[in-house]
Amino acid sequence: MSSTLMTWLRDVLMDAGLDVLLRPGFLQILWWQWIAFPVVGLVSWAAGRLMRAVSRPILARLTARTVNVWDDQLVDSVGPPVTLAFAVMVFAFGCLLMELSGPGLAVVSSFLRAALAFAAFWALWRSTGVFIGWLMTRPWATTSPSARNLLTVSSNILRGVIFGVGLLAMIGAFGYPVGTVLAGLGIGGLALAFGAQKTVENVFGSVSLAVDQPFRVGDLVKVEDFMGTVEDIGLRSTRFRTPDRTLVSIPNGKLADQRLESFEARDRLRFAATVSVKYGTTRPQMETLLAGLEATLRAHPRIWPDAIEVKFSGFGPSSLDVEVSAWFQVSGGHEFLQCRQDVLLDFMRVVEESGTSFALPTRTVHLVPQAPG
């Protein structure tokens, strides 16, 4: 059939005086074949979309019989790569009808094999997103932020591997020896490793942070000598917003080795205060004050009752000092400030009701008259 079609086409071109199109051009491909390539390409793409449109409802009916959602998402996700694969197969059939030969046939065949490899790894790339998204919905992932972070990092690494293997497959489709390419990449990788040592260290540092998860975005943390709120956790570095609204960026490789203190992980916040009353306070007044302060703390709904300390601590330079220590069962700084304010206001009332008052800093100066000389 192909030979009959080509014979008819040659007769038409020669009768029309276009026998110049029967001459070979670049890569020994006839000029009429060069003209036919765009037409065959458009027809192939239209045929690929049509074949995808026909096959999609069939696959959708098959996946609708299952209780899973991920297979329906997979059918939608691999749609563009499947369309490309259908178009490549139709284009290959068109090239077969055009009876390509010689160097042109070898080059076109290489491009077609590379396109099929690209379509396959493109589908695998898009399937990775569906697979990771399905894992994100698993109970063990929804209840564990560290697992979700690890899945995100694993997805990026897996897609990088797919990209690398797909690139090698496309290179192999053009006839290049993949072993030689791998050897060259190995030598280049060593050179890159020496030159990009810090970058690789930061990438592995981000993996370490994703696994251990010492903090999350929005957490208030202390890193070595500064305190700040985590604003962004990137693949190379992490940024912190300080109380002065400055932005501090630390490479993840360095951050993974530093001392990290997360304030968001606290289940209780410590309340410590010194209540200083004036000299002249009697023992009964002091005992009433101590009992009232402790009762105030125990009456607060957010106080942890197992660690309340209210003790008369000593005689200060200008006051009698009472040390107060307790823990609020809160984790946020705003809640702690509100609870502390409520307790301090109640302390003012207790001091007043005990019959004494807060001490003011005083100093007594004794003047010794100088003896007449």
Side-chain angles (χ1 to χ4, degrees), residues 143 145-146 212-231 238 240-246 248 250 255 258-363:
T143 57
S146 60
D212 295 338
Q213 198 178 12
F215 51 73
R216 289 177 290 180
V217 174
D219 287 357
L220 177 64
V221 299
K222 183 178 181 181
V223 183
E224 294 294 341
D225 57 347
F226 79 93
M227 183 184 301
T229 302
V230 182
E231 188 158 289
T238 299
F240 301 88
R241 181 73 66 177
T242 66
D244 295 330
R245 305 304 299 164
T246 60
V248 178
I250 300 180
L255 188 62
Q258 289 186 330
R259 178 177 177 269
L260 304 175
E261 185 177 353
S262 176
F263 293 93
E264 301 298 328
R266 297 177 296 184
D267 57 348
R268 293 185 293 270
L269 296 184
R270 184 171 180 267
F271 168 74
T274 301
V275 180
S276 301
V277 295
K278 66 180 181 178
Y279 275 101
T281 301
T282 64
R283 176 170 179 164
Q285 289 175 334
M286 179 61 74
E287 292 174 346
T288 302
L289 175 64
L290 294 175
L293 294 177
E294 183 172 352
T296 297
L297 290 174
R298 295 192 179 279
H300 196 279
R302 306 306 295 270
I303 281 289
W304 188 41
D306 297 338
I308 296 177
E309 296 289 342
V310 180
K311 302 297 181 183
F312 175 34
S313 62
F315 302 93
S318 59
S319 62
L320 304 177
D321 297 330
V322 177
E323 294 292 337
V324 178
S325 177
W327 295 86
F328 288 114
Q329 292 178 309
V330 296
S331 58
H334 179 74
E335 281 186 287
F336 171 76
L337 294 177
Q338 184 62 47
C339 293
R340 185 178 65 179
Q341 173 181 283
D342 296 339
V343 168
L344 291 178
L345 289 175
D346 289 337
F347 279 5
M348 295 177 65
R349 174 183 54 80
V350 171
V351 171
E352 182 180 354
E353 291 177 353
S354 65
T356 184
S357 61
F358 290 103
L360 298 176
T362 59
R363 176 177 297 178

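Because the structure is predicted, anything quoted here is derived from the model rather than measured.
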Shortest non-hydrogen contact from [X] to [Y]?
| X | Y | result |
| --- | --- | --- |
| Leu337 | Arg340 | CD2-NH2, 3.2 Å |
| His300 | Cys339 | CE1-SG, 3.7 Å |
| Leu269 | Val330 | CG-O, 3.6 Å |
| Leu293 | Val350 | N-CG1, 3.8 Å |
| Val351 | Ser354 | O-OG, 2.7 Å |

Subject >> Over 12 non-hydrogen atoms of neighbours within 6.0 angstrom of CD in Glu352 >> reply: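 12 or below, so no.
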
Original post:
CE of Met227: more than 12 outside heavy atoms within 6.0 angstrom?
Top reply: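 Atom CE in Met227 is packed in, count exceeds 12.
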
**OP:** Check the pair Leu260, Val221 against side chain to side chain contact (heavy atoms under 4.5 Å, CB included), reporting the backbone distance first and the verdict last.
**Re:** CA-CA 7 Å; Leu260 304 175; Val221 299; over 6 Å; no

Original post:
Taking only residues two or more places apart in sequence, or in another chain, which ones meet Gln338 in a side-chain contact (heavy atoms from CB on, under 4.5 Å)?
Top reply: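 Here the qualifying residues are Gln341, Asp342.
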
**OP:** Compare all side-chain heavy atoms of Phe347 with those of Val322 and state whether any distance is below 4.5 angstrom.
**Re:**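 No - every pair of side-chain heavy atoms lies 4.5 Å or more apart.
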
Original post:
Do Arg349 and Thr296 come within less than 4.5 Å of each other through their side chains, counting heavy atoms only?
Top reply: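 The answer is yes; the side chains approach within 4.5 Å.
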
Point-to-point distance, once rounded to the nearest 0.5 Å, from [atom1] of [X] to [atom2] of [Y]:
| X | Y | atom1 | atom2 | result |
| --- | --- | --- | --- | --- |
| Leu220 | Phe240 | CG | CZ | 10.5 Å |
| Glu353 | Asp346 | CD | CG | 9.5 Å |
| Arg241 | Thr246 | CZ | OG1 | 8.0 Å |
| Phe358 | Thr281 | CZ | OG1 | 11.0 Å |
| Arg270 | Phe336 | CZ | CZ | 9.5 Å |
| Arg298 | Ile303 | CZ | CD1 | 9.5 Å |

Taking distance alone, no hydrogens or angles, what donor-acceptor pairs closer than 3.5 Å link side-chain atoms of residues 307-318 to residues at least two apart or in another chain?
{"residue": "Ser313", "atom": "OG", "partner": "Asp321", "partner atom": "O", "Å": "3.1"}

Subject >> Partner of Val324 under side chain to side chain contact (heavy atoms under 4.5 Å, CB included), chosen from Leu290, Leu344, Leu297 >> reply: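 The residue from Leu290, Leu344, Leu297 that satisfies side chain to side chain contact (heavy atoms under 4.5 Å, CB included) with Val324 turns out to be Leu297.
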
Original post:
Listed by chain and number, what are the side-chain hydrogen bond (donor to acceptor under 3.5 Å, both in side chains) partners of Arg283, not counting sequence neighbours?
Top reply: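 For Arg283, the residues satisfying side-chain hydrogen bond (donor to acceptor under 3.5 Å, both in side chains) (neighbours in sequence not counted) are Glu287.
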
